[in-house]
Amino acid sequence: MRASRVPFARGFTLIELAVVLAIIALLLGFLVVPLGTQMDQRRNADTERQLDLIREALVGFAVANGRLPCPATPTTASTVAGAGTENKPGANCAITDGVVPWTTLGLPETDAWGHRFTYTVTQEFANDPPGTLSTFLLTDNGGITVRASSGGVTIASNVPAVVVSHGKDGLGAYNPDGTQIGGPMGDELENANADVNFVSRTNAPDFDDLLTWVSPFVLKGRMVAANRLP
């Protein structure tokens with residue numbers, strides 16, 4: 001009696017497996033790119049909300065204390081005592097360019113990418129009130145300018161304080177360990193060189209910084225409403 005033959009199921013060849021894997025990788029690639037874009041958009045939105053909160057906290061601090069807070073020392077690691085508190089050893093700020101004093105204001109330390117917010121303030125708006133309810137007058141102006149590009153059109157002038165998130169690339173930002181991320185160029189360098197000129201742009205592939213600033217008119221209006229200014 002002859003043995004019956006068992007049907008033989010042919011497996012995939014190496015070439016067929018390679019084709020299948022290539023197709024899967026291609027499909028995953030189409031899926032991953034939109035997910036990455038969505039994550040970036042969400043972090044941008046989260047950071048913009050943080051900037052709004054910081055601006056409100058700065059104005060609220062001024063209403064309560066008659067002045068804006070001094071910056072915190074950017075090179076102090078978050079594990080060190082006193083990190084995130086305003087650097088103000090006396091009546092005046094020790095520095096006018098640093099990072100947002102997150103501990104003083106009761107705010108998160110970093111943006112959605114894990115970088116500290118750069119914070120610059122006009123000295124006269126952060127000094128202790130000299131025996132008055134406010135350190136500045138209605139006629140005083142801030143010394144910071146925000147432009148659409150380096151040397152470009154002015155967006156805001158006479159600004160008392162500005163806050164910068166250095167975006168996804170973080171170039172120019174300080175990390176929680178107190179180290180600074182090097183490499184900012186062009187308009188991003190303008191937001192990291194510790195001067196009083198800043199750039200706010202949108203839809204620029206070489207620029208991902210996000211900014212907010214304290215309007216002198218909003219600040220003074222809130223101070224008047226709180227009877228801090230005549």
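Residues passing the side chain to side chain contact (heavy atoms under 4.5 Å, CB included) test with A194, sequence neighbours excluded: D97. With sequence neighbours excluded, the residues forming a salt bridge (Lys or Arg N to Asp or Glu O under 4.0 Å) with E86 are R67, listed by chain and number. Remark: P230 engages no residue in a side chain to side chain contact (heavy atoms under 4.5 Å, CB included) (not counting sequence neighbours). Shown here are the side chain to side chain contact (heavy atoms under 4.5 Å, CB included) partners of P205, two or more places apart in sequence or in another chain: there are none.
Considering all non-hydrogen atoms of both residues, I95 and P74 come closest at CD1-CD, 4.2 Å. In terms of heavy-atom proximity, A126 sits nearest to P69 at CB-O, 4.2 Å. Residues G172 and A192 approach most closely at CA-CB, 3.8 Å, considering heavy atoms. A226 and V63 make their closest contact through CB-CG1, 3.5 Å (heavy atoms, listed as atom of the first residue, atom of the second, distance). Residue H166 comes nearest to D111 through the heavy atom pair N-OD2, 4.2 Å, listed as atom of the first residue, atom of the second, then distance. For P101 against A72, the heavy-atom pair with the smallest separation is CA-CB, 3.8 Å.
Through side-chain heavy atoms spaced under 4.5 Å, either directly or across other Ile, Leu, Val, Met, Phe, Trp or Tyr residues, L171 is tied to I181.
Not one N or O on the side chain of Q180 forms a donor-acceptor pair closer than 3.5 Å with the backbone of A173. Remark: the backbone N or O of K220 is not paired with any side-chain donor or acceptor of R228 at under 3.5 angstrom. Formation of a donor-acceptor pair under 3.5 Å by the N191 side chain with backbone atoms of E188 is not found in this model. A side-chain donor-acceptor contact under 3.5 Å links S215 to the backbone of F217.
Here the CD atom belonging to E56 is positioned 12.0 Å from the CG atom belonging to L51, to the nearest 0.5 angstrom. Note that OG1 of T118 is 7.5 Å distant from OH of Y174, once rounded to the nearest 0.5 Å.
Both V59 and Y119 sit in one connected hydrophobic cluster of ILVMFWY residues. Membership requires side-chain heavy atoms under 4.5 Å apart, directly or through other members. Residues W213 and V163 are members of separate hydrophobic clusters, defined by side-chain heavy-atom contacts under 4.5 angstrom among Ile, Leu, Val, Met, Phe, Trp and Tyr. Taking hydrophobic clusters as Ile, Leu, Val, Met, Phe, Trp and Tyr residues chained together by side-chain heavy-atom distances below 4.5 Å, V99 does not share a cluster with L107. V164 and L68 fall into different hydrophobic clusters, where Ile, Leu, Val, Met, Phe, Trp and Tyr residues are linked whenever their side-chain heavy atoms come under 4.5 Å apart, directly or through other members. M223 and V159 fall into different hydrophobic clusters, where Ile, Leu, Val, Met, Phe, Trp and Tyr residues are linked whenever their side-chain heavy atoms come under 4.5 Å apart, directly or through other members.
Between F117 and T47, some side-chain heavy-atom pair lies under the 4.5 Å cut-off. Within the 4.5 Å cutoff, the side chain of F125 has heavy atoms near those of the L219 side chain. Looking at E109 and P176, their side chains come closer than 4.5 Å, going by heavy atoms from C-beta outward.
Side-chain contact check for E190 and N193: at least one donor-acceptor pair (N or O, by modelled atom type) lies under 3.5 Å. Under the 3.5 Å distance criterion, with hydrogens and angles disregarded, a donor-acceptor pair is assigned to the side chains of T73 and N87.
Between R49 and D46, at least one side-chain nitrogen of the basic residue sits less than 4.0 Å from a carboxylate oxygen of the acidic one, meeting the salt-bridge criterion. For D208 and R43, the salt-bridge test fails: no basic side-chain N is under 4.0 Å from an acidic carboxylate O.
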Please tabulate, one pair per line, all N/O donor-acceptor pairs under 3.5 Å involving side-chain atoms of residues 141-158, not counting sequence neighbours.
from	atom 1	to	atom 2	distance (Å)
R147	NH1	N197	OD1	3.2
S150	OG	D187	OD1	2.7

